[in-house]
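Report on the following structure.
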Amino acid sequence: MSLTRADFEQMDADDALAFARDRFSIPEGLIYLDGNSLGVLPAATPARMKEMVEREWGEDLISSWNKHGWMDMPLDLGAKVAPLIGAAPEEVLVADTVSINIYKLAAAALKMRPGRKVIVTETGNFPTDLYMLQGLAEFHDGVEVRAVARENIPQALDDDVALLLLTHAHYKTGALFDMQAMTKAAHDAGALTLWDLSHSTGAVELDLQAARCDLAVGCGYKYLNGGPGAPGFLFIAKRHLDDFRTPLSGWLGHAKPFEFVDDYAPASGVRRAMCSSPSILALTALEEGLKTFDGVDMADIRAKSRRLGDLFIQLVEERCGEEFELGCARDSEWRGSQVSLRHKDGYAIMQAIIARGVIGDFRDPDILRFGFTPLYTRFVDVYDAAAHLAEVMETGEWREPRFAERAAVT
C-alpha cells in the first residue's frame, strides 16, 4: 500500500529533529532541496551580523581583535567543526577556502613523503580538486597527478605515491567511499590521505580519528549553513602537526606574528596552517551556522538523511515509473545526503519543478540532484517534491521552451 501525505505528516510529528527547523529562515511555501549546494539562512544570523558590524566593528573597532576574540575565531570555530567530523578540537582550523586548503595540504603531504611525487585521485572528482592538483604539479617539478577510475584506485597506489586525495561523497552521485578501507590502502602503500568532506560534513557521520585519516578539507556553506562563499576548514591529524609545513607561509601562521621578524617560523599546532588575516564577517556568519547543530546528534542526522533519501526514491519510482534512471546508490549506506536522478532532458525538467517552488539543481550531462538537509528538510517536503515532479512529467510542462534556456548559474 502506497504511503499517503498523512503518513509523512506523522513522520514529521515523530521526528526527533523537528525542533531544528525553527532555527532557519525558510521562505514560505518553498521546498528547498539544494542545501548540498548552499545551506539555508539561519534565523539568528541577520541579528548577529548586525550586532557584529555595528558594535564590534563600528564601536569597538580594532580593540575587537582581543576584546571580542576575533584573532582566535579560526581555532574556536575549528573546535566547533571537530565533533561533526570525528576530530579533536586541536586538529581543525577554519580558514581560507576549500581550494586554497587543498593546495596547502597537498603540497605539505608531498614534503612529508620525500622522494614520492605522485598524487592519486579519482577521474570525475569535483573540478576544483583536480584543478588545484594540476596547478600544484605545474609549479613543482616532477609531480604527477594520477587520476583513475574509482574501481582502479587501489591498483594505482604504488611506491611512487605520496598522497591519495578523494572526495568522500561525490558531488554528482553522492557515492560514498569507504573512508577507513581507502585510508588503509593508502597507508599500506606508504602514502598519506587527503579527504574532501565538502558534501559530507553536517549530513553524514564522520570519524576521521577512527579511520586514521591524515588530512582533510571541507566547506562551510553547504550543510554547515555559513552563507555563500563561507570559509572552509582543514584537518591535520595530531601525529602530523610537528612535521606539517605550509607552502603559503603567511604572517598569522608564524610562531610570533606580532614580533614582525623577517624570517618565518611556524606556529605550534594547527595554527601553523593559517595564512592571512581571518575574514571576521564571514566567520561570524559561519559561527551562527554551526550553532544550528547545538544539541543535535550526528547519528540522528544521518538516520534521517538516509530515510529521506529512501522515501524520495520510493515515491519517484512509484509515481514516475521508468521515466528516470537512478543516478545514485540505492543502498543508503553508500549514498550521501542526496538523491540523483538521470534523464536526457534533466535540465528542462529541473527548471520546471523549480518554477513550482521545488528547488533542486542540475549537473551536466543529465543529473537532477536533490539534497536533503536533515536539520530543516521535512518528510512532507519529500512527499510534495515527488508529487510536483510526477505532475511535471505527466503534463509535459517541462517541454515549454522557457525551461530549455540555460542560465549562467544553475
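All of these numbers come straight from a predicted model, not from anything done at the bench.
Counting non-hydrogen atoms of other residues, nucleotides and ligands closer than 6.0 Å to CD1 of I62 gives a total of 12 or fewer. Within a 6.0 Å radius of CH2 in W65, other residues, nucleotides and ligands contribute more than 12 heavy atoms. Dense packing is recorded around CG of D364, with more than 12 heavy atoms of other residues, nucleotides or ligands lying under 6.0 Å away. Taking a 6.0 Å sphere around CZ of R146, one finds it holds more than 12 heavy atoms contributed by other residues, nucleotides or ligands. Heavy-atom contacts from other residues, nucleotides or ligands closer than 6.0 Å to CZ of F139 number 12 or fewer. Within 6.0 Å of OH in Y264 there are more than 12 heavy atoms belonging to other residues, nucleotides or ligands.
Counting heavy atoms from C-beta outward, F370 and I353 have side chains that approach closer than 4.5 Å.
Looking only at distances, no side-chain donor or acceptor of R306 sits under 3.5 Å from a matching main-chain atom of R335. Side chain of D361 to main chain of D34: no donor-acceptor pair is present (N/O by atom type, distance under 3.5 Å, no hydrogens or angles). The backbone N or O of G124 sits less than 3.5 Å from a side-chain atom of H170, completing a donor-acceptor pair. Looking at S337, its side chain does come within 3.5 Å of a backbone N or O of F372 through a donor-acceptor pair. A donor-acceptor distance shorter than 3.5 angstrom exists from the side chain of H140 to the backbone of L136, with no hydrogens or angles considered. The backbone N or O of A95 sits less than 3.5 Å from a side-chain atom of N101, completing a donor-acceptor pair. Side-chain N or O atoms of R239 include none that pairs as donor or acceptor with a backbone N or O of I236 at under 3.5 Å. The closest donor-acceptor contact from the side chain of E91 to the backbone of K238 lies under 3.5 Å. Side chain of T373 to main chain of Y376: no donor-acceptor pair is present (N/O by atom type, distance under 3.5 Å, no hydrogens or angles).
The residues D243 and K111 are annotated as not salt-bridged, no charged nitrogen and carboxylate oxygen being separated by less than 4.0 angstrom. Looking at E144 and K117, no side-chain N of the basic residue comes within less than 4.0 Å of a carboxylate O on the acidic one, giving no salt bridge. At a threshold of 4.0 Å, the pair R23-D294 does not count as salt-bridged, since none of the basic side-chain nitrogens sits closer than that to a carboxylate oxygen. The residues D381 and R378 are annotated as salt-bridged, a charged nitrogen and a carboxylate oxygen being separated by less than 4.0 angstrom. A salt bridge links K184 with D188: at least one charged nitrogen is closer than 4.0 Å to a carboxylate oxygen. Under a 4.0 Å N-O distance rule, the pair R402/E397 does not qualify as a salt bridge.
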### Task
Walk me through it: do L17 and I301 pass the test side-chain contact (heavy atoms from CB on, under 4.5 Å)?
CA-CA 8 Å; L17 296 177; I301 285 182; 4.0 Å; yes

### Message
Set out, in order, the CA-CA distance, both residues' side-chain angles and the distance that settles salt bridge (Lys or Arg N to Asp or Glu O under 4.0 Å) for D72 and R271, then state yes or no.
### Response
CA-CA 10 Å; D72 293 326; R271 188 188 287 270; 3.4 Å; yes

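Summarising the geometry, atom OG1 belonging to T201 is positioned 10.0 Å from atom OH belonging to Y223; distances are rounded to the nearest 0.5 Å. Note that CZ of R342 is 13.5 Å distant from CZ of R363, once rounded to the nearest 0.5 Å. Taken from CG in L157 to CG in L163, the straight-line distance is 10.0 Å, to the nearest 0.5 Å. Separating the SG atom in C219 from the CZ atom in F233 is a distance of 7.5 Å, to the nearest 0.5 Å. Between atom CG of residue L206 and atom CG of residue L208 there is a gap of 6.0 Å, rounded to the nearest 0.5 Å.
Between P278 and P74, the closest heavy-atom pair is CB-CG, 3.7 Å.
For an aromatic pair to be called close, the ring centres must be under 6.0 Å apart, and Y347 with W398 fails this.
Each of D214, T183, T167 was compared with W195 under the side chain to side chain donor-acceptor pair (under 3.5 Å) criterion, and only T183 meets it.
Taking the six-membered ring where the residue is Trp, F126 and Y171 present perpendicular rings, their angle passing 60° and hence far from 30°.
Both the sub-6.0 Å distance and the 45° axial angle are not jointly satisfied by R369 relative to the ring of F312.
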